[in-house]
Amino acid sequence: MGHSFALSQACEGFQGLVREELNSICLKDIGVAAERYNHRETEPKWQSYWTENHSFEAKEDYSKPKYYVLEMFPYPSGRIHMGHVRNYTMGDVIARFRRACGFNVLHPMGWDAFGMPAENAAIERGIHPKTWTYENIATMRRQLKSMGLAIDWSREFATCDPTYYRHEQAMFIDFIEAGLVERRVSMVNWDPVDQTVLANEQVIDGKGWRSGAVVEKRELAQWFLKITDYAEDLLKALDGLTTWPEKVRLMQKNWIGRSEGMTFTFELEDANGQKLEDGLTVYTTRHDTIFGASFCAVSADHPLSQRLSKTNLALETFRKEVAALGTSEENIERAEKKGCPLGVFARHPFRKDVKLPVYAANFVLMGYGEGALFGCPAHDQRDIDFANKYSLPILPVVAPRGTDAAIFKITTEPYLEKDGDEAVLINSDFLDGMSVPEAKEEIAARFEATGIGKRTVNYRLRDWGVSRQRYWGCPIPVVHCADCGIVPVPKSELPVQLPEDVKFDKPGNPLAHHPTWKHVACPNCNQPATRETDTFDTFIDSSWYFARFTSPHDENPVNAEAAKYWLPVDQYIGGVEHAILHLLYSRFYARAMHKTGHMNADEPFASLFTQGMVIHETFKTASGEWVLPSDAIHKDGAWIHANTGEPLVVGGVEKMSKSKRNVVDPDTIIASYGADTARWFMLSDTPPERDIEWTEAGAEGSWKFTQKIWRIVNEIAEFPNADATMGADGLALRRVTHRSIAAITDDLNNLRFNRSIARIYELSNAMASALQIQNKSTDLIGALHEAANFLIIAMAPMMPHLAEECWSVIGHSTTAVNTSWPQTIGALVNVDEVTIAIQVNGKRRDEILVAKGGDRDILEARVLSMESIKRLIGGKTVKKIIIVPDRIVNIVVAE
RNA sequence: GCGGGCGUGGCGUAAUGGUAGCCGCAACGGACUUAAAAUCCGUUUUUCGAAAGGAAGUGCCGGUUCGAGUCCGGCCGCCCGCACCA
């Protein structure tokens with residue numbers, strides 16, 4: 001530990017120097033084996049070679065199977081971080097591996113370039129969002145290129161390019177025509193200081209995250225995409241996404257939140273028993289518990305509540321109180337369950353003598369079901385809390401079979417049936433004795449027969465509100481006209497381009513403040529009208545970029561031929577944090593684009609892989625200030641600050657973040673160790689779906705390995721090339737080589753990068769051992785050359801620069817990138833002798849080396865004649881012998 | 001609360017129900033060196049034993065099986081997602 005930290009400190013300022021020193025020292029001692037591998041020369045050299053030769057530019061080529069690999073494109077925040085390095089390395093390995101295997105690979109890159117950080121930079125530092133964004137893109141493009149990624153840069157675009165967002169606008173107009181868009185008034189979180197809508201995540205303790213102002217609920221006309229029209233399809237199609245992580249599918253399933261229940265209508269009457277004209281329609285999944293109902297509750301925003309509040313001061317006050325809380329679910333969660341009687345009563349559908357008081361309640365959501373429910377306190381936690389607060393009756397109507405209804409009482413904890421309870425209905429008239437499903441069926445049949453209600457399917461999923469009162473986003477291409485209403489901008493006039501002369505000197509949307517931009521003639525009647533000043537949610541930009549990559553320069557949003565060839569994305573890779581929103585929106589967008597003729601597929605991503613985070617150790621001072629891990633040194637069993645000597649507290653190993661000061665800059669790492677080392681580290685040891693811990697020692701280890709490969713290859717290159725034969729001297733190495741390649745191929749096909757790397761280590765160890773043999777025969781030299789050739793191509797997806805350099809050293813005039821994946825020979829992959837474990841009563845006692853696929857009887861006889869086994873069996877009876885071919889012999893003896 | 005995942009050496013991890021710990025890191029010993037670094041060779045789950053060779057061992061308890069890290073049931077711990085959804 002101490003050593004690695006001393007080194008890491010040295011590296012902070014003088015990484016280059018340290019490395020150069022090591023190089024020169026080693027050069028001196030190594031003598032024969034050429035120079036040390038110098039990534040500073042070779043990495044830029046090969047990157048230029050790939051660029052100049054357009055090595056990774058994809059063309060539609062129907063003679064080859066296509067493979068489209070995509071990593072979630074980055075937001076140009078400033079600089080790439082280690083998470084990017086991990087993500088793009090994985091994608092790159094897949095791209096290069098598939099390419100070597102004969103696929104026509106599409107591996108593009110772009111920028112998710114609209115969004116609030118650019119506006120924040122404008123507000124805080126006076127930089128124009130466009131300038132800020134494109135400068136960041138330039139920096140990050142340079143950084144990504146220094147990683148040596150096999151990307152088709154000719155397809156690059158940023159979502160803030162008008163050449164991209166004009167198509168987004170055109171498709172939105174198509175969506176309007178196809179009935180996929182709605183303009184609707186809805187409740188939003190409104191920041192009165194910043195004059196903008198806030199997402200729920202931006203409301204902290206009821207206050208705006210930036211302004212600190214108390215957030216209000218406000219009704220605002222917003223654009224919605226009707227994703228709920230596809231709720232059922234989006235849910236059902238999850239079953240077909242078999243190569244998505246189960247976890248993500250489940251998260252989407254829960255998010256869509258399908259529930260089967262009933263809507264039905266109560267008759268209402270006032271306090272005097274006068275029947276009201278309208279009834280109260282509720283949604284329930286527990287219609288079986290109707291006899292346990294003791295109240296009804298509606299949302300504060302329910303039409304009935306709104307209407308009655310006009311003549312009910314207490315109700316009006318209550319509604320304001322609820323509104324002040326905001327729509328944040330976190331706030332609702334924290335709030336106590338409260339209600340306000342409406343002064344009206346719902347008549348029980350089966351018990352004419354029972355009248356249920358109707359409340360407005362703060363826990364009822366207007367957006368779900370009918371915004372109204374009936375409460376059955378005995379079987380619902382929320383309802384029982386409410387009932388106890390307002391002294392409402394609690395009547396149990398479901399109980400485990402065999403319970404005496406007269407004794408079964410519920411007070412503060414609801415009874416929820418558990419598996420094995422065989423719950424039945426009690427206190428429920430004609431339902432008594434039925435199971436819950438039977439009772440549900442009975443009620444549904446009766447309600448439907450009388451027309452009081454019907455079976456209904458409900459979804460938790462809401463329509464997607466896409467309006468944002470922001471400047472740095474795609475303008476929504478519509479015009480508001482006093483006479484014609486909402487008029488889409490004609491496609492010929494697209495793009496509706498963002499004005500560049502905007503000011504961020506006051507709160508609110510700069511587009512709305514712009515003196516001229518929004519004033520236009522109505523496309524319909526030519527009278528003065530105004531543009532929509534809202535822009536799109538940036539999730540729209542990222543919902544179809546994968547399709548644009550198939551034809552990034554086309555005059556249409558997507559070229560039909562290209563899309564048909566390339567889509568869907570064969571392998572998509574990104575963080576699990578996008579498991580719901582981005583991936584669900586993209587799945588919806590594919591369907592919407594299909595409906596409007598822009599795409600042929602419904603599912604955008606055939607396979608999904610979610611990679612883990614990059615984590616790093618953290619340190620704090622006693623006063624709680626975060627300290628750079630490189631400033632922490634371990635001395636006499638305690639951690640202290642390298643400069644101040646202050647004692648340090650060891651924090652957790654956590655996600656790299658600027659605030660915890662535990663970030664490692666990829667630029668520094670690439671400059672010091674090289675891109676190949678960084679890539680290798682990111683793939684080693686830890687399975688890709690798990691969090692990987694960055695350690696200096698690990699990076700050092702990866703770097704040493706690059707040098708080891710370089711040494712081995714150079715040493716082999718010293719021997720004149722010879723063909724691999726089946727000669728005895730080379731056979732052992734050849735077996736390792738072919739078996740390793742077979743395993744690596746299998747692992748890479750299944751994204752098991754860490755395993756494939758372990759196999760590469762094994763192969764290199766075998767090669768190093770073979771090199772130790774004195775007086776090498778031609779057979780062995782042939783085997784060594786073959787091993788080197790195979791190793792270079794197999795490691796090329798992970799360490800492409802080193803692979804190219806080794807490929808020339810070993811004597812090729814071709815390039816590794818244009819070399820096919822090694823073909824293994826079955827006879828060398830398959831073993832002919834196996835070590836079989838011998839168990840007695842399931843315990844391993846000995847082993848035996850036999851020919852593979854040998855005769856069972858002969859094996860059995862041989863095992864039984866072994867001294868060690870005879871001794872163990874002794875005089876006991878052999879009950880049976882289990883033989884698993886080529887694996888195990890288990891002798892079961894009587895005890 | 002609901003749903004899901006994970007617990008294996010000092011550490012990261014590996015193991016189609018079939019020899020637990022491949023590979024790497026770290027540590028220790030040795031070779032080379034004036035010395036250090038680098039490199040190479042070796043040791044490293046625990047325990048008994050001089051050794052040969054035993055015994056135990058994959059969070060805990062139980063089950064299925066000839067055989068369980070793996071499958072089933074129940075605990076404990078950690079992580080993640082959703083959460084007043086009627």
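Chain letters run A, B, ... following the sequence lines, proteins first, then strands; residues in each count from 1.
When the side-chain nitrogen and oxygen atoms of A:R755 are compared with OP1 and OP2 of B:rG12, none of them lie within a distance under 4.0 Å. Distances shown here put every side-chain N or O of A:R382 at or beyond 4.0 Å from the OP1 or OP2 atom of B:rA86. For B:rG24, neither phosphate oxygen OP1 nor OP2 lies less than 4.0 angstrom from any side-chain nitrogen or oxygen of A:Y761. Note on A:R759: every side-chain N or O is 4.0 Å or more away from OP1 and OP2 of B:rA14. Not one side-chain nitrogen or oxygen of A:N890 sits closer than 4.0 Å to the OP1 or OP2 atom of B:rG18.
Using a 4.0 Å heavy-atom criterion, one finds that A:V892 contacts the sugar-phosphate atoms exclusively. Contacts of A:N754 with the nucleic acid, taken as non-hydrogen atoms under 4.0 Å apart, involve only primed sugar atoms and P, OP1 or OP2. Residue contacts for A:N765: at a heavy-atom cut-off of 4.0 Å it reaches the sugar-phosphate backbone alone, with no base atom in range. The residue A:T695 sits apart from the nucleic acid: no heavy atom pair falls under 4.0 Å. Across all strands shown, A:T686 has heavy atoms under 4.0 Å from sugar-phosphate atoms exclusively, and none from any base. Using a 4.0 Å heavy-atom distance criterion, A:V282 is classed as making no nucleic acid contact. Contact annotation for A:E762: backbone-only contact, meaning every heavy-atom pair under 4.0 Å involves sugar-phosphate atoms and none involves a base. Contacts of A:I882 with the nucleic acid, taken as non-hydrogen atoms under 4.0 Å apart, include base atoms.
Following rounding to the nearest Å, A:H578 (NE2) and B:rC80 (P) show an atom-to-atom distance of 18 Å. Taking atom CG on A:L683 and atom C1' on B:rG24, their separation rounds to 14 Å, with Å as the unit. Note: CZ (A:F753) to P (B:rC22) measures 24 Å, nearest angstrom. Per the geometry, CD1 belonging to A:I744 stands 14 Å off C1' belonging to B:rC22, to the nearest Å. Whole-Å rounding puts the A:I615 CD1 to B:rC79 P distance at 13 Å. When the C1' atom of B:rC79 is taken as reference, atom CD of A:E654 falls 13 Å away, rounded to whole Å. Residue A:D288 contributes atom CG, which lies 13 Å from atom P of B:rA86 at whole-angstrom precision. Remark: C1' of B:rA86 and CG of A:N458 are 9 Å apart, rounded to the nearest angstrom.
Here B:rA51 sits opposite no nucleotide as a Watson-Crick or G-U wobble pair (both hydrogen-bonding atom distances under 3.5 Å). For B:rU34, there is no paired base (Watson-Crick or G-U wobble, both distances below 3.5 Å). Base pairing of B:rC2 is made with B:rG81, judged by Watson-Crick or G-U wobble geometry with both donor-acceptor distances under 3.5 Å. For B:rU16, there is no paired nucleotide, since no Watson-Crick or G-U wobble pair has both relevant distances below 3.5 Å. Pair assignment for B:rC75 gives B:rG59, based on Watson-Crick or G-U wobble hydrogen-bonding distances that are each under 3.5 Å.
Ranking B:rC40, B:rC66, B:rA83 by closeness to the A:K708 side chain, first place goes to B:rC40. Of the candidate nucleotides B:rC82, B:rG18, B:rG24, B:rC82 has the atom lying nearest to any side-chain atom of A:R460. Between B:rG54, B:rA14, B:rA86, one nucleotide has an atom nearer to the side chain of A:R845 than all others, and that is B:rG54. Checking B:rC85, B:rG81, B:rA14 against the side-chain heavy atoms of A:R690 singles out B:rA14 as nearest. With B:rG18, B:rG12, B:rA86 as the choices, the nucleotide that has an atom nearest any side-chain atom of A:T285 turns out to be B:rA86. Out of B:rC84, B:rA86, B:rC22, the shortest distance to the side chain of A:A758 is found at B:rC22. Listed candidates were B:rC82, B:rC40, B:rA20. Nearest to the side chain of A:R844 is B:rA20. Comparing B:rC66, B:rA20, B:rC25 by their nearest atom to the side chain of A:A697 picks out B:rC25. Relative to the side chain of A:K843, the nucleotides B:rC84, B:rC25, B:rA56 differ in distance, and B:rA56 lies closest.
One donor-acceptor pair, N or O on each side, does fall under 3.5 Å between the base of B:rU16 and the side chain of A:R887. In the interface, the side chain of A:R711 is not paired with the base of B:rC40 through any donor and acceptor atom under 3.5 Å apart. In the interface, the side chain of A:K337 is paired with the base of B:rC84 through a donor and an acceptor atom under 3.5 Å apart.
Syn is the conformation of B:rG9, whose glycosidic angle sits no further than 90° from 0.
For B:rC76 and B:rA37, the C1' atoms lie 48 Å apart once the distance is rounded to whole Å. Distance check on atom P: B:rC22 versus B:rG9 gives 14 Å, rounded to whole Å. Between B:rC11 and B:rG63, the two C1' atoms lie 34 Å apart (nearest whole Å). Going from the C1' atom of B:rU70 to that of B:rA55 covers 24 Å, rounded to whole Å. Spacing between B:rG69 and B:rG17 at atom P, rounded to whole Å, works out to 13 Å. On the C1' atoms, B:rC25 is 31 Å away from B:rU34, given to the nearest whole Å. Comparing the P positions of B:rG21 and B:rU58 gives a spacing of 14 Å, expressed to the nearest Å. Rounded to a whole angstrom, the distance from the C1' atom of B:rC66 to that of B:rC75 is 29 Å.
For the pair A:H582 (side chain) and A:E577 (backbone), a donor-acceptor distance under 3.5 Å is absent.
For A:Y359 and A:F386, the ring centers are positioned less than 6.0 Å apart.
Summarising the geometry, atom CD1 belonging to A:I394 is positioned 10.0 Å from atom CG belonging to A:D383; distances are rounded to the nearest 0.5 Å. The NZ atom of A:K253 lies 8.0 Å from the CG atom of A:D239; values are rounded to the nearest 0.5 Å.
Among residues two or more places apart in sequence or in another chain, the side-chain contact (heavy atoms from CB on, under 4.5 Å) test is passed with A:N750 by A:D746, A:R752.
Note: A:Y368 and A:Y283 have perpendicular aromatic rings, judged against thresholds of 30 and 60 degrees for the angle between ring planes.
Judged by closest nucleotide on RNA chain B, A:N254 is the one of A:A837 and A:N254 placed further toward the 5' end. Nearest-nucleotide assignment on RNA chain B puts the 5′-proximal partner with A:K704, out of A:K704 and A:G257.
A:K655 NZ: 12 or fewer foreign heavy atoms inside a 6.0 Å radius.
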*Which is it for A:F681 and A:W694 under the ring-ring contact (aromatic ring centres under 6.0 Å, His included) test, yes or no, and what are the steps along the way?*
CA-CA 8 Å; A:F681 179 94; A:W694 174 267; 4.5 Å; yes
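Looking only at side-chain heavy atoms (C-beta outward), A:D385 and A:Q381 come within less than 4.5 Å of each other.
Applying the salt bridge (charged side-chain N to carboxylate O under 4.0 Å, His left out) test to pairs two or more places apart or on separate chains, those with a residue in residues 295-304 of chain A are A:K217-A:D301, A:D301-A:R319.
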